[in-house]
Amino acid sequence: MEETKILQGYDYAKDVFAAVGVDVDAAMEAADAIPVSMHCWQGDDVIGFDGSGELTGGIATTGNYPGRARTAGELRQDIDFARTMIPGTTKLNLHASYAEKHGKQVDRDAYTIDEFREWLDWAKENRLGVDFNPTIFSHPRMDGDFSLASLDEGTRRFWIEHGIRCREIALEFAKALGQPCVVNYWMPDGYKDVCADTVLRRDLMTASLDAIFAPDIDETLAPCALESKLFGVGLESYTVASHEYSYGYCVKNRKIYTLDAGHFHPTEVISAKITACLQFLDKVMLHVSRGVRWDSDHVVAWDDELQRIMDEVVYNRLTDRVYIGLDYFDASINRIACWAIGMRNARKAILSACLAPSERIRRAEREGDLTARFALQEERKSLPVGAVWDYYCLRKGVDVGDAWLARVRQYERDVLSQR
């Protein structure tokens with residue numbers, strides 16, 4: 001799109017938004033500053049580089065699109081390229097399985113920052129923050145589908161040590177990068193069919209988590225989060241770390257609760273849970289995904305739920321209490337396009353939330369004028385957000401409109417097709 005037309009559209013949009021009481025420039029600045037953590041695992045189908053080789057624990061990636069990153073260097077190259085299409089403050093969400101061991105015989109219970117040194121150097125060079133995740137799946141030390149809730153003490157001890165090491169690694173990332181590194185714990189532990197004892201495994205999980213969080217590690221720098229899930233593939237009937245369990249543990253132990261958009265019943269939405277959880281928690285983390293009928297981790301679309309999530313965060317001035325990360329993986333289409341589409345959509349929804357005349361809408365509600373509330377909510381949908389988005393992209397030096405797609409196609413021909 002021609003720059004002159006973008007500027008003309010922006011001038012028009014500024015007038016429209018000013019008429020409803022919105023300062024567009026201030027809204028853009030606010031939206032730009034909200035961090036979104038981009039998940040590394042989209043680029044290689046969640047395989048990682050520490051030798052796991054296959055996915056277990058209720059996780060599956062579908063599709064075989066060519067060009068999957070085979071090494072950490074290739075993955076970083078792909079992330080670098082994807083980021084040229086994504087405006088706004090970005091972090092990287094990294095799993096422990098992306099360790100680079102370089103032939104060393106070291107397992108997950110003994111990882112240190114040394115196995116992530118190249119990731120740290122790369123993050124420094126690119127001025128990126130990092131969030132971190134223990135990888136408690138796809139490993140020989142899993143006891144079937146159990147880890148921290150295994151009946152075997154040796155198995156539990158292995159994963160406890162892994163959990164502690166990940167806190168230590170996150171602390172090193174935070175110190176070196178000058179910003180907090182959130183450590184998010186998700187465990188697949190559960191049964192495929194109805195179990196007879198729902199208490200024992202949860203008692204073991206609680207004891208294991210207590211052991212992980214016992215060491216005095218600065219949680220202002222390495223805050224710890226616990227993620228719940230309804231079920232996994234092959235784990236349909238009983239999940240140890242369910243919503244009620246994980247939320248209760250976080251409230252009792254002052255941890256961050258992670259709300260994943262695909263980890264609830266199909267008719268539940270995490271946008272409805274954010275402020276309810278924050279009545280009793282200091283902070284929450286969001287894993288923004290798109291489930292289709294189940295936790296299928298589709299690429300994030302700019303749909304009603306994504307917008308509602310960002311509205312909740314922005315309208316209620318919760319940006320300092322909510323960590324936003326994306327979590328999906330699709331191998332049926334170009335993986336870099338998946339990053340670009342999902343991250344740009346998240347950014348569009350954040351910008352739209354910042355541009356909304358939310359105070360007018362909320363004032364109407366407080367005054368009991370529900371007619372005006374509904375009318376203003378509907379009128380908000382046709383405000384010229386797209387014109388502001390185009391200008392925002394232009395100003396940030398990233399592609400306007402679908403221009404990024406041609407560059408992805410060229411990268412596919414030049415780089416991905418050679419893998």
Side-chain angles (χ1 to χ4, degrees), residues 1 6 27-44 67 69 74-94 98 119 122-131 177 179 182 261 286-290 297-303 306-307 309-310 313-314 319 322-330 333-355 385-412 415-416:
M1 187 184 297
I6 294 172
M28 276 196 302
E29 292 298 326
D32 187 65
I34 297 173
V36 177
S37 199
M38 188 173 104
H39 55 309
C40 74
W41 49 92
Q42 165 57 49
D44 78 319
E74 289 182 350
L75 184 59
R76 285 190 286 267
Q77 178 186 13
D78 291 350
I79 294 170
D80 284 338
F81 180 62
R83 288 185 57 239
T84 67
M85 305 166 229
I86 300 164
T89 303
T90 302
K91 297 181 74 176
L92 181 75
N93 208 356
L94 186 66
Y98 290 80
W119 286 107
W122 171 84
K124 280 184 180 178
E125 181 181 347
N126 288 275
R127 299 180 180 178
L128 282 176
V130 170
D131 292 323
L177 300 174
Q179 54 183 296
V182 183
L286 307 182
H287 273 194
V288 183
S289 183
R290 179 169 58 100
D297 285 307
H298 283 61
V299 180
V300 169
W302 190 14
D303 56 14
L306 178 64
Q307 191 59 64
I309 289 169
M310 301 310 180
V313 174
V314 173
T319 54
V322 178
Y323 296 103
I324 302 172
L326 303 193
D327 182 6
Y328 56 81
F329 34 94
D330 189 341
I333 60 177
N334 184 291
R335 294 172 183 82
I336 294 169
C338 290
W339 270 321
I341 294 167
M343 287 291 287
R344 286 170 69 97
N345 280 339
R347 281 282 161 211
K348 289 175 186 175
I350 290 171
L351 179 62
S352 177
C354 291
L355 287 167
V385 173
V388 180
W389 168 258
D390 287 344
Y391 175 79
Y392 172 56
C393 289
L394 178 69
R395 198 178 76 174
K396 300 299 293 186
V398 303
D399 299 286
V400 177
D402 63 3
W404 62 268
L405 185 56
R407 294 203 298 121
V408 168
R409 294 299 189 203
Q410 188 64 49
Y411 187 83
E412 184 173 325
V415 179
L416 302 182

Just jot down the side chain to side chain donor-acceptor pair (under 3.5 Å) partners of Arg407, sequence neighbours excluded, or say none. Thr84, Asp399
With a 4.5 Å heavy-atom cut-off, do Val400 and Trp389 have their side chains touching? no
So Gln77 and Tyr411, do their side chains get closer than 4.5 Å, heavy atoms only? yes
May I have the step-by-step check of side chain to side chain contact (heavy atoms under 4.5 Å, CB included) for Trp404 and Arg344, ending in yes or no? CA-CA 11 Å; Trp404 62 268; Arg344 286 170 69 97; 3.7 Å; yes
Give the intermediate values and the outcome of side chain to side chain donor-acceptor pair (under 3.5 Å) for residues Tyr392 and Asp32. CA-CA 9 Å; Tyr392 172 56; Asp32 187 65; 2.7 Å; yes
Is there side-chain contact between Asp330 and Arg335, with at least one heavy-atom pair below 4.5 Å? no
Can you list the steps and then say if Trp41 with Leu94 is a side chain to side chain contact (heavy atoms under 4.5 Å, CB included)? CA-CA 8 Å; Trp41 49 92; Leu94 186 66; over 6 Å; no
Residues Cys393 and Pro87: closest non-hydrogen pair is SG-CG, 4.4 Å
Spacing of Gln410 atom CD and Phe81 atom CZ [to the nearest 0.5 Å]: 9.0 Å
Donor-acceptor under 3.5 Å (Asp303 side chain, Leu306 main chain): yes
Give, for atom CG of Leu326 and atom CZ of Arg290, the distance between the pair rounded to the nearest 0.5 Å. 12.5 Å
Determine whether a donor-acceptor pair (N or O, by modelled atom type, separation under 3.5 Å) exists between the side chain of Ser37 and the backbone of Pro35. no
With rounding to the nearest 0.5 angstrom, report the CZ to CG distance, Arg83 to Leu128. 4.0 Å
Take Lys396 and Glu29 through the salt bridge (charged side-chain N to carboxylate O under 4.0 Å, His left out) test and state the conclusion after the steps. CA-CA 11 Å; Lys396 300 299 293 186; Glu29 292 298 326; over 6 Å; no
Run the numbers on Trp119 and Val130 for side chain to side chain contact (heavy atoms under 4.5 Å, CB included), then give the verdict. CA-CA 9 Å; Trp119 286 107; Val130 170; over 6 Å; no
Centroid-centroid distance, His298 to Tyr328, less than 6.0 Å: no
Would you check if His287 and Asn93 make a side-chain contact, meaning some heavy-atom pair closer than 4.5 Å? yes
Over all heavy atoms of both residues, which pair between Arg347 and Ala31 is shortest? Give the atoms and the distance, please. NH1-O, 2.9 Å
Side chain proximity check, Ile333 to Cys338, heavy atoms < 4.5 angstrom: yes
Hey, does Asn126 have a side-chain heavy atom less than 4.5 Å from the side chain of Ile79? no
At their closest point, which heavy atom of Gly43 faces which heavy atom of Leu75, and how far apart are they? CA-CD1, 3.7 Å
So, taking the atom named CG in Asn345 and the one named OG in Ser352, what distance separates them when rounded to the nearest 0.5 Å? 11.5 Å
Any side-chain heavy atom of Val415 within less than 4.5 Å of one from Glu74? no
First locate atom OG1 of Thr89, then atom CD1 of Ile324, and finally report the distance between them rounded to the nearest 0.5 Å. 11.0 Å
Side chain to side chain contact (heavy atoms under 4.5 Å, CB included) between Glu412 and Asn334, worked out: CA-CA 8 Å; Glu412 184 173 325; Asn334 184 291; 2.8 Å; yes
Distance (rounded to the nearest 0.5 Å) between Gln42 CD and Met343 CE: 12.0 Å
Can you check whether Val313 reaches Thr319 side chain to side chain, under 4.5 Å on heavy atoms? yes
With no hydrogens and no angle check, do the side chains of Asp80 and Trp122 hold a donor and an acceptor under 3.5 Å apart? yes
Side chains of Asp327 and Ser289 only: does a donor on one sit below 3.5 Å from an acceptor on the other? no
